[in-house]
Amino acid sequence: MLLYAAIILMMLGLYGILTQRNIIKIIISLNILEIGLNIFIISIGFVNGGVAPIFTGQNNLGSIGFVDPLPQALVLTAIVIGVGTTALGLALAKKIYAKYGTFEIDDMKGAE
Amino acid sequence: MIISILMGISVAFFGFVLQTSIAGVNRKIIGRVQKRYGPKWYQEFLDIFKLLSKRSVTHGWIFDFGVIMALGGIIATAMFMPITNDLMAFPGFDNFFIFVYLIAVGMLGMAMSASGSGNPLASIGVMRALTTMLAYEIPFMIIVLTIIKLTGHSSLSEIAMFQQTAVAGLEFSGTWFMIALPVGFAVAFLSLMGMLGKKPFETYIAPAEIASGPMVEYGGKQLGMLFIMHEITVFIEVSLFVHLFLGGAENIWIFLIKYFLVYTSVNLISNVNGRFKIDQVVVFFYKWPLLFAVMQAFVAIYLGWVI
Amino acid sequence: MKNFLSLVLVLALGGMIILSLQNNQYFTAYGEVDITKRVSESYIDRDVNGGTQAVEFGVANNLESGPANIVTAIVADYRSFDTLGEVTVLFVSSLGVALLLASGKQKRLDLHFHPNFMLRVGSRALFGIILMTGIFVIVHGHLTPGGGFPGGTMIASSILLLYLADDNFRTKVKSFKTLESIAGSLYVIIGLVGLFAFDYFLVNFLDNGILGELFSAGIVPIVYALIGLKVGSEISGIIDNFLTEEVA
Amino acid sequence: MASLEFLVIIALLGGVLAYLVGKLSKVVGASLTVLVSGFIFVSVAYFGLNGSLDASITYLPFVSFEATDLYLGTSFGILVTFIFFMVSFFNPYFVDKFKYPSLYSMFYLFSLAGVLGVFFTDDFLVLFFFFELVVWTSLFLIPLGKSKKAASWYYGFSAFGSFSLLFAIFVMRNTAGSFNINDGLSMVGGSDQILVFILLMVAAFAKLGAFPLHIWLPKVLGNSPDPVTSVFSGGLEKLGAFVAVMGLVKLAPVGPVIEAIDMALGQYLIAILGALTIVFGTLMAIRQDDAKKLIAYSSMSNGGYILVALTLLNDTSVSGALYHVLIHALASTAAFLAIGAVNRQTGTTKMSELGGMIHKMPVTYIVYLIAIISMAGIPPMGGFVSKWLIFQSVINEGMILIAIATFFGSIGSFLYVFRPLAALFLGQELPEFRKVIKEAPFFMLLPMIILSGLNIFTGVHPSVILQYINNVLAELGVTELGITTWTLSGNNGDLYPALIAVVFGVGVVIAFIIFIVLKKSRKVDLMDTYTAGNFVYTEELLHYSVDFYAPIERLYEKHINIMKDFYKGIAKKVQEFGSFVKYFFFTNKPEITVLWVVIVLGILLLWGDLL
Amino acid sequence: MSAVLLIAIPILAAFISIIVKKWSPYMLLFVSFGLVILLGYLPFEIITIGGFSAPYGISLVVDNYSYTALYVVNVLFFLVAIINVCNYKKLGTILLVSLAGLNGLMLTGDLFNLFVFLEISGISAYIITTTNKKPLATFNYLVAGTVGSILYLLGLIILYNMFGTLNMQDMAVRIAASGATDIEVALPFLLMFIGIGVEAKLLPFNSWVKGILGHSNKLTGPMIAGVYAAASLFVFGRLLTEVFVISDTFMLIISVILAFSILAGEAMAYSSTKVREILLFSSIAQAGIAVLIFVSGFTGYAVLFISLNGFSKVVLFLIINHATEVVGSDEVIDLKGLFVNNKLVGASFTATVLSLLGLPLFAGFFVKMGILSQLFSSGDYVFPAIILLSSVVEGVYFVKLLTKLWYKEDNLPQVKFELPLVYLVVVISLLLVVFGLYFEPLHEQALVLVNHVKGVIL
C-alpha cells in the first residue's frame, strides 16, 4: 500500500509543478515529488516481517529476515541530492525575486 | 555539283519571273473585281527595275548587309524548291524543314537591317512580323507533321509523288491531301495567308499604322532587292503549299495552273478582308485553327480516318 | 481549465503506472521481496569476494567489510563511490548557492523577527546537546543507524539554532570553508592511497576488527567522520548564505 | 598518358595556388585559372579522344576513376572543360569588380575539379562526392554578383536534387550490392526501379533547371557575375543532362507501355514535363527585360529540348539530344560572353538602358549574331542540325502535344533571341555610350571568336562530331545514327548540311553582285529617318527596346509567377510550422517540459497496451 | 594509471581549490590538460572500485566506446576552458566538478552511479548557466533536469525491483536470462529514456534549451551545446546499446517522436531570425538524428557523428557568442557583414558549417555517408529520407546565414576576435578539413566501434 501511496505522492508533486505559477510552490512540489520517490524506493526493499539491516546483540546471525539494505543506501543518496537541488532552487528563487520583484511567473515582466 | 547549283539558280530565277508575272495578272483580276482595268500584267517588273535604277540612302553597313543576307537566304531556299517530279535542283535533299528555317534566315536578315536602320516604326514592324509568324506557324507545322507521319517522308518531292500515284502498300496514297485532310487543308490555307502577309494578317506591313513597317527606311536598290525577295518568298510558300496539298505536278503546265489557282484564290479572299489588330492575330491562330489542326492530326494519325 | 486538464492527466498517468506495475509479473509486490534473488543478499552475508566466515555479531573477525550496520557497509564500503559522488553534489550545490548569493561582503539579514528571551536562553542550552548527539551519530555510524549525513545535518541544525538565537551571530565562514575542503580532500586522499597502495580506489585497507566493536570496520568510521564534518560545514555555509545579504 | 587523378589534383592545387597568388595581385590569380583550365582541357581532349586516359589511383583515397571505353563521360568531360577554358579568359577582366577576388579563382578551379570527377568515374559514391563538391564550390561564386538571395535558392534546389540522387544511389546499392554505376542502373527492378527513376529525374530536373524545379535558374544566372553565368549555363547544367542520360537512357524505361505511341508512361511524363519546360521557358524569355535573364530562360527551354529528345529513345532523338547538349553549350556560352563583354563596357545588361552597341563593338555583335542563329536553329549553324534530328524523332513518334511544344519553342526561340539583338546592338546608339564604349580587348574576343567558329563548324560539317556521338550511342545501347561523311539520314529524310551552307553562300553572292552592280547609295546617319512629319531630336525616343513583344506579353501577364509564388508558399509553410512548434514547445514557463513529459509518458503507456 | 583518476583528481582539485580561490582557474587548466594527457595511457579494462567485483561493487568501464567519448569530452572541455578561463575566474571549482561529473558519466558501468554523476554534472550545469544572467531560464533548466533525473531514478528502481541488480551488464544478462518480454520491461526503460531525453535535448522535453542557449555567453554556449550535448548523447548511446530492450511498438513511437523532432528542429531554425536560435534549433535536430542512429543500432557512426557535432557546435557557439557580446544583439541583421573584416574566423565558421551540412572535402560528408549507407543496408527508407530532407532545409538557412555574414558594404560590426579563440577555431576547422580529405582513421574507428556488441567490453 506504501507503494501506491508513494506513486500518488509523486503524482501530487507532478500536479503541483504543472499547475503552480509561484516559484516557491514549484520548488515545494518538486520536493513532494522527491519525497514520493524516496518512499517508493524504501517500499521496494521492504520484506514482510523483516528487521532493520543492522547486526546487533540479539539478531546477530546472517539472513534471518533482514529488510533489503540496498534501497536504504540509495535513498540516503537520493535525499541528499534532493537537498542539493532544493538549495540551488531556493537560491535561484532569491535571485529571481531580486530581479523581477515577484515569485509569480505570469507577472514577471520581460522574462522572455 | 556545279550543274545542280546552276539548276538551282535557274529554278530561283524561274520562280521570280513566274511569281512577278502572276502577281501582275492578279493585279488585273483584282482591278476587274473593283470595277477598274488594273495596270498592265508586267507592271511588277517595271516597278522593280525602276527601283533598282534609283540611287538611295543607306544607314550603315548592317543596313546593307541585312538586305544582302535576306535576298541571299531567300534565293538559297528557292534553289531547293522542286518544280515538278523530276525538275528539281537537289533531288533527295529538299527536306521540308530546310524551307521553314531557311526562310527564317531571310526574315532575320530583313529584320536585322530594319532594326539597324534606327527607325522605331521598322522595329515595330519587325516585332509584328515575328509575332504573326509565331501565330500562324504552329497550326501549319502540325498539319505538316500529320502529312509527314502519313507519308513517311519529309522531302517535298516524295510527298508530291505519294499523292499522285496510288501505291498498293500505303492505304492513303493516291489522293491529294487537299481531299484526304480537308480540315487540315483549310487550316493550312489560313496559315498560307498569314505567311504571305495577305490582308487579314497584313499587320507587319500595315501601311496605315506603321508606314509599311520594316520597309519604311528603304528606297532605290535596297527596296528593289526587298521586292525581289518578297516575290521569291511568295513563290516558295505557294509552291510549298502546292506540293504539300495539291499533289505537286507531273509536268510544268499542271504546276503553273495549280500555282495560279492557289495564288489567285488567296488574293481574292484577302481583297475583301479588313486587317486584324496585332493582338487579334496572335489570339486568332491559337483558337480555332490550332484546335482544328490538332483534331485533324489526332484523327489522321491515331484513328486513321483519312478520306 | 488548465488545472483540471493537468489533474486528469496526472491521475491517468498515476493510474497507468500503478496498473502496469501490478500486471508486471517480475515486479515483486510490496513485502514479498525475496532477498536471495537480489544483489544485496551477499551484502548481508559479506561474501562478495568469497568470504566464507559466518557473520555473527561480536564473533566474526576481519570480515570482508567491517561495519555492523549493513547500510553503512553499502554506503561507505561496497558502493563508496556513490558516496563520493554524493559529497561532491552537496559540495557543488553549497558552492553554487555561495556563488549565487554571496558575491561580496556579507552582513546579517535584518529580519523583522527578533528572538525573545525564551529562545535565546533555550537555544544556548540545546545547542550543546544537539551537537553532542550529532557527533555521537557520526562516530557510531558503522554500528547504529545514522552516519555521516544525518550527523552532519544535526551539527548544521545546531548552528542554525545559534543563528536563530542571536541576530548578529555569524560563524566564521572562512573556517567552515577550510574545514570542508580539508575533510573532502582527506576523503579523496584515502581513496587514492587505496588506489596506489592497494590497487583499488577507496579500498578498505585497514583491518576490519570484530563485528560490532567500536574500533572496527577499517576506514569506514574515519570516512564517515570526514563526511559528517564536511556535510555539517557545507549546510551551515548554505544557512549562512541564506541569512545574510550583501553589504550595500 | 595523363592520369585523371593527376588532373584533379592539379585543379585542386591550382585553385589553392590561384588563391595565394590572388592575394598578391587579383589579375595574375585569375589568369592562373586560364592556364590551369587550359592545361586540363587540352590534356582531357587530347588523351580522351585517343582513349589513353589512365584511371590509376595513387594518392586520392576513396576515389576510383574509369576512363576506358567511357565515351559518354569523355564527351561530356571534354565539352565542359572546354567551356571552363573558354570562360576562364574572362576571369582576369572581371575579377577586379568582385568583393573576394582570390576566393573566386579558387572556387572556379575547385568546381572544375568537381566537374572532372563527375564525368570520369564508374562509382556512384565518387560521382556524388564530386557532384556535391561542384554544388558547394559554385554556390560561393554566386553571391559575388548582384543578388545574395540567389545563393540560398540555388542551394535549396540543387541540394534537393543531389540528395534525391544520393537516395537513388543507395537504393540501387541495395540491389546491386556495390556502388558501380552500370550494374546499379541495370540490376534495379520492380518498385525500386520506379523510385530510382523518379529520384534521378528530380536530380536531373533540379540541375538542368527544368519545369517544376526551375525557379533558381533565372535568379542565379541573371544575378551572378558574367563568367559564372556562362560557366553555369554552359558547363554546370550539363551535369543535369548527364544525370538525365543516366536516368532516361541507361535505366530501363519505367511504367506500362502506351501502345498508341509505344512509349513507357514514365518516359512520356518526362516528355510532357520537358515540353512544359520548353513552353514555360520560351514564354518567360520573351518578356524579360534583362538580357542575361532572357538567355537564362532560353537555356532552360533548351534543357527542355534535351529532356524531350532523351525520352524518345531512338537513334535520331538520343544523338539529337547529345548534339543539342554540345550546341546549346557553345551557343549559350557565346551569347553570355557577348553580353558579358557589353556588361563590362556599359555596366548594365538591361535592354531598356542599352542600344546601338554594334557601332562600337561590331565583333561582339557578329559573335552574338552567330550564337543566336545557332540557338534559334537556323540552317547554316549547328542548332539547325540538332533541332532537325529532334524534330525527325518527334514526328516519327507522332506525338502531337510534344510536337506543338517543340515547334512553339523553336519559333519562340527565334523571337526571344532577336530581342537582345535589336534592343542591345541595333537601333539608335545612345549618346552616353557613344564616347566611352570601345570594342572588348583581344583576350575577351578570342574565346568568343573560337566559339562562333565552332558554332559554324558544327552546322556545316556535323558528321565529325556525330561520328563520336555514335560511339556514345553504342555504349548506351541505342542504335547508331546513319551518317555518311557529309549527309545524315533521319527517320523520314536526309540532310546535307554542307550543301545548305554552300547554297546559302551562292545566294548571298548573287545578292551581293546585284547590290554591287547598282549605283552606290549615300551614307546617312541614324537620326535622319522618316518619321511621318513630327521631327524627333533625342535618340532614346527613336530606340524601340522597352516592352518589345508587348502584344504577346499582354496575353499572359497576369499569371507569370505562379511557380515562384508556389515555392514561396512552401517556404512560408515551413516558417509557419517552425513558429507554431516554437510557440507550443518553447515558452519560458517551467511546466511546459513537465507537461510534455507527462503527455508523452501517458501516450506511450496507453499505447504500449500495458494494461 | 587507472581511469579512476579521471574522476578523483578533478574532485580533489575542486575540494582544494575552495581554499586557494585565486589559483582555481589555473588548477582547472592544469588538471584538465593533465587529464587529456592521462587519457593517452589508459588501458582498456573494467575498474572495480573498492575491490568488490562487478555486480556488487561499482565498476568503471573503459572500452572503445567510452574511450572515444572520454577523448571527445575532455578535449572539448579543455578547449572551452582555455578560452573562458580569464573572464570566468569564479567558476574554476564548478568547472572542475563538472569535468569530474562528465568523466563519471562516460565511465560508469553502474546505473545508480550514472544517476549520481548525472546529478553532479546537471547541478554544475545549472550553476554554469547562471552566468547567463537569466535566472528564470536557469530555473526552468533546473526543474526540467530534476524532473528528468527523478524519472530516471524511478525507472531504475523499478528495474532493480524486477531484476535485483544495478550493474548495467549484469542487468542486461539478467533481463535476457529472465526472458521478460519487451512489453513488460517497457515501463522502466521508457522512464529512463525520457529521463535522459530531457538532458539530451530531444524535442518534446527540451523547452529549457531556448532559454539557456538563446541567451548563452562564451562559456555556457559551447559548454552546454558542445560538451554537455555530446556527453548526454554518449550516455544515451551507452544505455540504448547496453541495457535497453525496446519493443517494436515503442520503437515505432520513439522513431515518430525523433522524426518529428528532426523536422521540427530544422523548421524552427529556418523560421528564427536570431543566429543563436538558429544554431540551437539545428543542434536539437542533430541530437534527434544522433538518437535516431542509436535507436537503429549503429553505434559506430553515431559516435563519430556526435563527436564531429560536438566540435562543430563549440566552434559555432564560440564565434557567435563572442560577436554577440561585442555587438550586443544576436539578430542576423545586426551581425550582417561580421566576417568581412575577420576573414580567418569567417573561413573556419564556413568550413564548420559545411562540415555540419555533410558536404564533400569535409569530415561531415564521410560520417553522413556512413550513417546513410548503414540505414539503407538495414533496408529502411523512411529515416534516410527524413535525414536528407532535414539537411536540405538546414542547408538553405545556413547558406542564407552565410551570405548575410559575408556580404555587407557599409558600417560593418566592429568585432575583434582575440588570438586564442581564433587559434582554436582555425585548428578545429582545419581538423575537419584534414579528416574530410584523409578519413582512414575515422573509418577504422567506426569499424572498431561497430562491433562493440552488447556485453563484449573490450
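Letters go in sequence order (proteins before strands), and every chain restarts at 1. Predicted, not measured: the structure shown is a model, and the values here were computed from it.
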Pick one of side chain, backbone, both or neither for [X], based on which atoms fall under 4.5 Å of a heavy atom in chain E.
X: Val135(D); value: neither
X: Val581(D); value: both
X: Leu139(D); value: side chain
X: Tyr100(D); value: side chain
X: Leu195(D); value: side chain

Do Trp136(D) and Phe362(E) make the cut of ring centroids closer than 6.0 angstrom?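 Between Phe362(E) and Trp136(D), which both carry aromatic rings, the centre distance is below 6.0 Å.
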Non-hydrogen atoms of [X] and [Y] that approach each other most closely:
X: Ser377(E); Y: Arg173(D); answer: CB-NH2, 3.9 Å
X: Gln575(D); Y: Ser271(E); answer: O-CB, 3.4 Å
X: Thr403(E); Y: Pro143(D); answer: CG2-CG, 3.7 Å
X: Lys99(D); Y: Trp406(E); answer: CE-O, 3.7 Å
X: Phe585(D); Y: Ser207(E); answer: O-CB, 2.7 Å

Does the pair Leu402(E) and Tyr155(D) meet the rule for a side chain to side chain contact (heavy atoms under 4.5 Å, CB included), with working shown? CA-CA 12 Å; Leu402(E) 279 175; Tyr155(D) 186 80; over 6 Å; no
Taking it one step at a time, do Val147(E) and Thr593(D) satisfy side chain to side chain contact (heavy atoms under 4.5 Å, CB included)? CA-CA 9 Å; Val147(E) 167; Thr593(D) 329; over 6 Å; no
Taking every heavy-atom pair that is under 4.5 Å apart, which of [options] has the most such pairs with chain D?
options: Val396(E), Val143(E), Leu190(E); result: Leu190(E)
options: Ser391(E), Gly358(E), Ser373(E); result: Ser373(E)
options: Pro360(E), Pro384(E), Gly148(E); result: Pro360(E)
options: Trp208(E), Phe260(E), Phe139(E); result: Phe260(E)
options: Ala269(E), Gly197(E), Ala385(E), Ala137(E); result: Ala385(E)

By a 4.5 Å heavy-atom criterion (distance strictly below it), what part of [X] contacts chain D: side chain, backbone, both, or neither?
X: Ile254(E); result: neither
X: Ile257(E); result: side chain
X: Ile194(E); result: side chain
X: Ser272(E); result: both
X: Lys343(E); result: side chain
X: Tyr397(E); result: neither
X: Phe365(E); result: side chain
X: Leu354(E); result: side chain
X: Glu266(E); result: neither
X: Val340(E); result: both
X: Lys368(E); result: side chain

Please walk me through it: do Phe167(D) and Phe376(E) pass side chain to side chain contact (heavy atoms under 4.5 Å, CB included)? CA-CA 9 Å; Phe167(D) 201 93; Phe376(E) 269 103; 3.5 Å; yes
For atom CZ of Phe160(D), is the number of surrounding heavy atoms from other residues, nucleotides or ligands below 6.0 Å larger than 12?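 Count not over threshold, so no.
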Set of residues satisfying salt bridge (charged side-chain N to carboxylate O under 4.0 Å, His left out) with respect to Lys148(D), sequence neighbours excluded: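 Lys148(D) satisfies salt bridge (charged side-chain N to carboxylate O under 4.0 Å, His left out) with no residue once adjacent residues are dropped.
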Check the pair Ile284(E), Phe586(D) against side chain to side chain contact (heavy atoms under 4.5 Å, CB included), reporting the backbone distance first and the verdict last. CA-CA 12 Å; Ile284(E) 286 172; Phe586(D) 289 95; 3.7 Å; yes
